[in-house]
> 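Got a structure here, written out as structure tokens. Questions coming.
We count residues from 1, following the sequence as given. Just so it is clear, the model here is predicted, and its values are computed rather than measured.
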Amino acid sequence: GDISTAFCAIHESEKSLASTTNNRLKGLVYSQKGDIYNSQCLFVDALLAYQVSYSYFTKAQLPYHAAYAQYDIAAMYSHSR
């Protein structure tokens, strides 16, 4: 797919999060943002996005989602070595 379109879409999604208190949705958006950065080998940026995602999933009390975010965080540490 077109990566610039993906970056624009995730940026618009991120801006719209200001009007919601839905931590699950926020976590999902940041998880996708991390995936986009990861696909471009921007591992530090991906790590930061996954960490934000983990925080929101934890706030939403979604341990299954948080576990996946932790896996993504660990993978980014592995790539950034």
> Which atom names give the shortest non-hydrogen contact between Ala46 and Asn38, and what distance separates them?
CB-N, 3.7 Å
> When rounded to the nearest 0.5 angstrom, what is the spacing between OG in Ser16 and CG in Leu25?
7.0 Å
> Give, for atom CD of Gln61 and atom CG of Asn23, the distance between the pair rounded to the nearest 0.5 Å.
10.0 Å
> Glu14: what forms a side-chain hydrogen bond (donor to acceptor under 3.5 Å, both in side chains) with it, not counting sequence neighbours?
Tyr30, Lys33
> For residues 66-76, tabulate all N or O donor-acceptor pairs below 3.5 Å that involve a side-chain atom, not counting sequence neighbours.
none

> According to a 4.5 Å side-chain heavy-atom criterion applied to Ile, Leu, Val, Met, Phe, Trp and Tyr, with indirect links allowed, do Tyr54 and Leu48 form part of one hydrophobic cluster?
no
> With rounding to the nearest 0.5 Å, note down the distance linking OG in Ser53 to CG in Asp35.
9.0 Å
> Mind checking side-chain hydrogen bond (donor to acceptor under 3.5 Å, both in side chains) for Thr5 and listing every partner two or more places apart, or none if nothing turns up?
Asp2
> Which residues end up grouped with Leu28 if you chain together Ile, Leu, Val, Met, Phe, Trp and Tyr wherever their side-chain heavy atoms are less than 4.5 Å apart?
Phe57, Leu62
> Is there a chain of hydrophobic side chains (I, L, V, M, F, W, Y, each step under 4.5 Å between heavy atoms) that links Ile10 to Tyr50?
no
> Listed by chain and number, what are the side-chain hydrogen bond (donor to acceptor under 3.5 Å, both in side chains) partners of Tyr56, not counting sequence neighbours?
none
> Please answer: with hydrophobic residues joined when any side-chain heavy atoms are less than 4.5 Å apart, are Tyr37 and Val44 in the same cluster?
no
> Go through the structure and list residues passing side chain to side chain contact (heavy atoms under 4.5 Å, CB included) with His11, not counting sequence neighbours.
Lys15
